[in-house]
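The block underneath contains the structure these notes are about, expressed in structure tokens.
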Protein chains: 2
Amino acid sequence: MNKTNTEENIIQAAEYEFIERGFEGARMQAIADKAGINKALLHYYFRSKQKLFEVIFKNAFKLFIPRILNVFEREDINFFEKIEAFVENYLNILAKHPHIPGFIIHELANNPSSIVKIVQEIAPDLSPIKQQIEAEVSKGTIRNIRSEHLILNVLSMSIFPIVASPIATMILFNGDKKQYATLLSERKNHVSDFIIQSIKNPNL
Amino acid sequence: MNKTNTEENIIQAAEYEFIERGFEGARMQAIADKAGINKALLHYYFRSKQKLFEVIFKNAFKLFIPRILNVFEREDINFFEKIEAFVENYLNILAKHPHIPGFIIHELANNPSSIVKIVQEIAPDLSPIKQQIEAEVSKGTIRNIRSEHLILNVLSMSIFPIVASPIATMILFNGDKKQYATLLSERKNHVSDFIIQSIKNPNL
DNA sequence: ATTTAATTTAACCAGATGGTCAAAAGTACT
DNA sequence: AGTACTTTTGACCATCTGGTTAAATTAAAT
């Protein structure tokens, strides 16, 4: 076993454990077992549970501040197409990592300074997007809307149905997961349609 | 100290502890301290951490399946006004209990059967609302939309900004909580506007 | 082959945690 | 005042948990 392999094994195991159970629920022993190593080796590579957690959290968070925002820097498509592209992209990422948003939200709920720091470091700068929205409002392509609301609406309709899927499945489909999965797949088109329908200037 | 008082004290303390820290993070000792009693008394009233948790979870969940749904049974207002009334009501409840939705979502993430059972018992029946949406589509007052999507959109835009407030505050306003609070207060009008704008039939 | 450094393990430890128990304190009833 | 029942407590326990240490194994360098 060389160092690189073990370290990677640990990270994968820790990722699963932390994201599935949260910091408090995660067990160092479980991570060691899943990585096929001794618990002491865990502390040899990452000094403490806290340190290991921070590595995992950082990785997870990075996944969700994607280059996807770059969509809004493209000049070959218009604003509505950018929204479509963004939503589709984001929903794809969410489908691949459905447990990460809930994980991030939960761990951030109590605002432990260690994590807040990480978020601040990595957090993306949305001001270009804000400006772009404001520009569209000025141009009159979309009706008057505060940029923050629009951003929040897009993120809400994309992320929430994933984060709250257990309850949503029960309430909407009496627990039928297949039906809910179908609904989710429909949302790749639905969400952007719904948004564009709402913001587009009806006079054009 | 009479029984009623102690029991109520425990429940209040447990509510705070569980909702703030989650089942795994909650400590029986902390609950006992906060209730001003002995830890053994906790087990005298509620046999185990699990049992106590279930009581708290049930209470919390009940708060969010409100009679508010009754809004949709009113006959004195039209569909759009119902949406407005619902959103305003729901956002008020959320403002009063901002930590409960995240709590419910997190505890349900791993689908422990004990909790799933509770949810199934209490979960509201949305079929009247679904039918109402479909009726509006037939009437042509709103454009064609699948009822589940509309419901999910309303809930998403209402709940997500509260659940994800720590990150949202950082990303949108660099951590300025006052600005975010202002934004949230604006949403009582914004969310229903945004929705109605999206679904209303433009030909009418 | 021998020394040196890195990797891995088994055995332990201290503190925390949920939970128990027998006795004490309180209450109600006669 | 005495009995019976409920409520409350302090002391205690078994187990779990993150973390440590010293020794063993393996790999790298000379």
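The chains referred to below are lettered A, B, ... by the order of the sequence lines, with proteins before strands, and numbering in each begins at 1. Just so it is clear, the structure is predicted and the values come from calculations on it, not from any experiment.
The two residues Glu17(B) and Arg27(B) make their nearest non-hydrogen contact at OE2-N, 3.0 Å. Of all heavy-atom pairs between Lys130(B) and Leu172(A), the closest is NZ-O, 2.7 Å.
Within the helix from dA1(C)-dT30(D) to dT30(C)-dA1(D), the inter-axis angle between the opening and closing five-pair segments is 10°, rounded to 10°.
Leu52(B) has its CG atom 15 Å from the C1' atom of dT17(C), to the nearest Å. If you measure from atom CD1 of Ile37(A) to atom C1' of dA6(C), you get 15 Å, rounded to the nearest angstrom. What separates CD of Glu7(B) from C1' of dT8(D) is a distance of 15 Å, to the nearest Å. One interatomic measurement links the two molecules: OH of Tyr45(A) to C1' of dT9(C), which rounds to 13 Å at whole-angstrom precision. Here dT7(C) presents its P atom at 15 Å from CG of Leu42(A), a figure rounded to the nearest Å. As rounded to whole Å, 14 Å separates atom P of dG26(C) from atom CG of Leu41(B). Note: CG (Asn5(A)) to C1' (dT26(D)) measures 15 Å, nearest angstrom. In this entry the distance linking CD of Gln50(B) with C1' of dT17(C) reads 16 Å, nearest Å.
If Tyr44(A) and Ala40(A) are placed on DNA chain C by their nearest nucleotide, the residue sitting closer to the 5' end is Tyr44(A).
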message: For nucleotides 12-18 of chain D, give me one character per nucleotide, 5' to 3': B if any protein heavy atom sits under 4.0 Å from the base, S if the only such contacts are to the sugar-phosphate, - if neither.
response: -----SB
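With hydrogens and angles left out, the side-chain atoms of Glu54(A) and Gln50(A) include a donor and acceptor closer than 3.5 Å. With 3.5 Å as the limit, one finds no donor-acceptor pair spanning the side chains of Ser198(B) and Gln197(A).
Using a 4.5 Å heavy-atom cutoff, the side chains of Phe57(A) and Leu108(A) are in contact. Using a 4.5 Å cut-off on side-chain heavy atoms (C-beta onward), Arg187(B) and Leu184(B) make contact. Phe23(A) is not listed as a side-chain neighbour of Glu24(B), based on a closest heavy-atom distance of 4.5 Å or more. Counting only heavy atoms from C-beta outward, the side chains of Ile195(A) and Asn153(A) never approach each other to under 4.5 Å.
When distances are taken from the side chain of Asn38(B) to each of dT8(C), dT8(D), dT9(D), the shortest belongs to dT9(D).
One finds no side-chain N or O of Thr6(B) lying less than 4.0 angstrom from the OP1 or OP2 phosphate oxygen of dT7(D).
At least one donor-acceptor pair under 3.5 Å links the side chain of Gln132(A) to the backbone N or O of Phe72(A).
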